[in-house]
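Below, read A as the first sequence line, B as the second, and so on, with proteins coming before strands; counting in each chain starts at 1.
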There are 2 protein chains.
Amino acid sequence: MEQAMALAQAIMTSLLDADLSGSELARDFEKSMGFFWQASHQQIYQELRKLAAKGWLNKREVNQSGKPNKIVYGLTLAGRESLAEWVYGPTRVQPTKDELLLKLYNLNEDNVEHIVGEITARREEVMKRLYLYEAVRRRHYDDPASLPVRHKGVYLALESGIHQGEQFLAWCDEALSLLASVEKRKA
Amino acid sequence: MEQAMALAQAIMTSLLDADLSGSELARDFEKSMGFFWQASHQQIYQELRKLAAKGWLNKREVNQSGKPNKIVYGLTLAGRESLAEWVYGPTRVQPTKDELLLKLYNLNEDNVEHIVGEITARREEVMKRLYLYEAVRRRHYDDPASLPVRHKGVYLALESGIHQGEQFLAWCDEALSLLASVEKRKA
DNA sequence: ACTAACATGTAACCCGTTACATGATTAT
DNA sequence: ATAATCATGTAACGGGTTACATGTTAGT
């Protein structure tokens, strides 16, 4: 039934604490679990319909003042049970595909400069996201050991994102310093 | 023309140094660039046909003693030029989707034990790959600063994999130590 | 002969992306 | 009115995965 990457479970997980509409979910994916899961709104609306048809979600329309109505989805009991079971199933990882690393295999005197530029730009992006994550950590997860169990899990996921970011910054610095010598030699 | 992740360029990059057959490419993807790019043999055979049709690769059959014949592909001049241009195009990243992090959002007293088991298993896997990468580094990239330009790029890609692995091990340790307290409290 | 490994494929299906469409509300 | 934003979709396309198919060589 579930062959592909678990978008269904990602959505249901987002609904653990609060009922959300499609557009809210799409925004949530960018912010909360965005660093290890992404989905477009088209994907989400489609999946929501499937999940509702399976009886794992229920839907209700909500009037909003100043905005068009939204359709809010919530987990059913069957949905919660299915999600709880899913945790014991096989775990898949879909490793990163990064064209930047591929480009590095094609490095030469002509394109060093361009690639150095790309690395620099990526470093900036990652640093910005890292600031956000660390702000969240400081605000909500100051004392991890005292958190309730489930929040410990969320904290660890966030930590994973922070570690990855820091690792990437360190790698960028190493790369830029190694490539600086190439650029000089070229000049 | 090229909308999706650059499998075509990944293949052509693998053919920069040596001509290879489909099955050799499939094996190469697992070993050399496997940590940031993966492709099944079905995907590769299909893409090879497209690339040959475009005139970016040429093919020739090679007799092997003790094995069935293989069809070896090599870059044409047009292929090399197209690859060199591609480096200046936009760079896409397809971030990791990791169900383990998603499962962490669903952490509770009942499943902690299972999740701890999964983290431990993943730690083992990553450590094994890390040993391989570090062996390669020690053997071929002992003195990065003195490498020819393109090998500097390959070295940096490898370094990226090593950094990621080390970061992941550190994260596992943090996670396991935080979750150990949960398991004890449960007992 | 039979099995196992190697090498190259084909076909069906589904997921995810891209592009486009529709209606509601607010602001100017 | 018109433009801009929000919210919810539909449709087409292509890439990737899964399952299956075919032939070759080596070993027993």
Atom [atom1] of [X] to atom [atom2] of [N]: distance rounded to whole Å?
X       : N      : atom1 : atom2 : answer
B:Tyr45 : C:dA11 : OH    : P     : 17 Å
A:Lys70 : C:dT25 : NZ    : P     : 15 Å
B:Glu61 : C:dT8  : CD    : P     : 9 Å
B:Arg49 : D:dG16 : CZ    : P     : 15 Å
A:Glu99 : D:dG15 : CD    : C1'   : 14 Å
B:Asn69 : C:dC6  : CG    : P     : 16 Å
B:Leu20 : C:dT8  : CG    : C1'   : 16 Å
B:Leu48 : D:dG16 : CG    : C1'   : 16 Å

State which of D:dG16, C:dT8, D:dT8 makes the closest approach to the side chain of A:His41.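 When the side chain of A:His41 is considered, D:dT8 is the closest of D:dG16, C:dT8, D:dT8.
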Output the single nucleotide from C:dG16, C:dA7, D:dG16 whose closest atom is nearest the side chain of B:Pro68.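 Looking only at side-chain atoms, B:Pro68 lies closest to C:dA7.
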According to a strict under-4.0 Å criterion, is [X] in side-chain N/O contact with OP1 or OP2 of [N]?
X       : N      : answer
A:Lys50 : C:dC15 : yes
A:Gln64 : D:dA7  : yes
B:Ser21 : C:dT8  : yes
A:Gln43 : C:dC15 : no
B:Ser40 : D:dT18 : no
B:Lys67 : C:dA7  : yes

Pick the nucleotide of DNA chain C nearest each of A:Trp37 and B:Val72; which residue has the one closer to the 5' end?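 Closer to the 5' end of DNA chain C: B:Val72.
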DNA chain C: 5'-proximal contact among B:Gln46 and B:Arg27 (nearest heavy atom):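 Whichever sits nearer the 5' end wins; that is B:Arg27.
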Smallest separation among heavy atoms of A:His151 and A:Tyr141, with atom names: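 Where A:His151 meets A:Tyr141 most closely, the heavy atoms are O-CE2, 3.9 Å.
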Can you find a heavy atom in the side chain of B:Tyr105 that is under 4.5 Å from one in the side chain of A:Val154?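 Yes, at least one pair of side-chain atoms sits under 4.5 Å.
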May I ask you to establish whether A:Lys103 and B:Trp86 are in a cation-pi arrangement, using a distance under 6.0 Å from NZ or CZ to the six-membered ring centre and at most 45° from the ring axis?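 Judged by the rule (NZ or CZ under 6.0 Å from the ring centre, within 45° of its axis), A:Lys103 counts as positioned above B:Trp86.
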Do you know which of B:Ile44, B:Leu48, B:Leu15 makes side-chain contact (heavy atoms from CB on, under 4.5 Å) with B:Leu20?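 Among B:Ile44, B:Leu48, B:Leu15, the one meeting side-chain contact (heavy atoms from CB on, under 4.5 Å) with B:Leu20 is B:Leu15.
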How about CD on B:Glu85, more than 12 heavy atoms from neighbouring residues, nucleotides or ligands closer than 6.0 Å, or not?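 Check fails, neighbour count at 12 or below.
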